[in-house]
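Inspection log for the structure reproduced underneath, given as structure tokens.
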Amino acid sequence: LCRGEREKEKTLAIIKPDGILGNYSDKIKNIITGYGFSITREMRIQLDEDAVRSFYAEHSSKSFFLSLVKYMTSGPILVMILEKDNAVADWRKLIGPTDAEKAKVTHPQSIRAMCGFNMERNCVHGSDSTQSASREISFFFDVQDTRHDEL
Ligand code: RTP
Ligand code: MG
């Protein structure tokens, strides 16, 4: 780091298959930068079943797990590292509640209200804690390297 530069908090954002399919990538990225986040890494990939099972391992015993795996493997996704003070909490606030259908009523300005459909198809992911952010960033990126990826 250069003199006077502080490490900003990092979080992991994903535009899920429904967000990519609905052509929301540019709109979402404009919202992200408009709220003062820097997008320091990004990678477009399609996950296989094993990758989704591992990424969402905390939900492996839930009734919706198989459906979640099917959804998240259904098309390409855009994975991004976002940096800003308080990035984890601020990104969660910006995406809104898990259920996009309810978000349209209770959080109409949220990203999930804008581009999601329901409890499952909610168009974006956000890390839920700094610990999760660290795990999830390492899951997708070589954390030593600060170049932009394009796959
Ligand atoms: P995410 O991890 O993707 O940011 O979402 P979240 O924290 O708001 O919600 P979480 O409880 O972690 O659930 C992960 C994803 O699983 C799908 N889901 N389906 N059918 C259901 O009841 C159900 N519940 C959750 C959603 O795609 C959710 O984002
Ligand atoms: Mg979650």
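Remember, it's 1-based here, ligands and their atoms both numbered in the order they're listed. Residue numbers run from 1 in the order of the sequence given.
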Got a donor-acceptor contact below 3.5 angstrom from the [X] side chain to the [Y] backbone?
{"X": "Ser127", "Y": "Leu12", "result": "yes"}
{"X": "Arg92", "Y": "Gly126", "result": "yes"}
{"X": "Arg41", "Y": "Ile81", "result": "no"}
{"X": "Ser54", "Y": "Ala51", "result": "no"}
{"X": "Lys104", "Y": "Gly116", "result": "yes"}

How far is [atom] from the closest protein heavy atom, and which atom is that?
{"atom": "atom 22 (O) of ligand 1", "result": "Met119 CG, 3.5 Å"}
{"atom": "atom 15 (C) of ligand 1", "result": "Leu68 CD1, 3.9 Å"}
{"atom": "atom 6 (P) of ligand 1", "result": "Thr98 OG1, 3.6 Å"}
{"atom": "atom 14 (C) of ligand 1", "result": "His59 NE2, 3.6 Å"}

Side-chain heavy-atom pair Met80, Lys29 within 4.5 angstrom cut-off: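 Side-chain contact under 4.5 Å: yes.
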Check: Arg121 and Asn118 side chains under 4.5 Å, non-hydrogen atoms: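 Of all side-chain heavy-atom pairs linking Arg121 with Asn118, at least one is under 4.5 Å.
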Sub-4.0 Å atoms of ligand 1 with respect to non-hydrogen atoms of [X]:
{"X": "Tyr56", "result": "1 (P), 2 (O), 3 (O), 14 (C)"}
{"X": "Lys16", "result": "3 (O), 27 (O), 28 (C), 29 (O)"}
{"X": "Gly126", "result": "4 (O)"}

Residue pairs fulfilling ring pair (Phe, Tyr, Trp, His ring centres under 6.0 Å) with at least one residue in residues 64-109, sequence neighbours excluded: His59-Phe64
Tell me the contacting part of [X] for ligand 1: side chain, backbone, both, or neither, using a 4.0 Å heavy-atom threshold, strictly below.
{"X": "Glu58", "answer": "neither"}
{"X": "Arg92", "answer": "side chain"}
{"X": "Lys62", "answer": "neither"}

Hydrophobic cluster membership, Met119 vs Phe117, 4.5 Å side-chain cutoff: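 No; tracing contacts between hydrophobic side chains, which count when under 4.5 Å, never links both residues.
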Shared hydrophobic cluster for Ile20 and Ile28 (ILVMFWY, side-chain gaps under 4.5 Å):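 Yes; tracing contacts between hydrophobic side chains, which count when under 4.5 Å, links both residues.
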Option whose closest heavy atom lies nearest to atom 18 (N) of ligand 1, chosen from Tyr71, Phe65, Phe64, Trp91: Phe64
Nearest-option assignment for atom 2 (O) of ligand 1, heavy atoms, candidates Glu136, His125, Glu120: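 Looking at heavy atoms only, His125 sits closest to atom 2 (O) of ligand 1.
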Does ligand 1 have any atom sitting under 4.0 Å from a heavy atom of [X]?
{"X": "Arg112", "answer": "yes"}
{"X": "Asn122", "answer": "yes"}
{"X": "Met72", "answer": "no"}

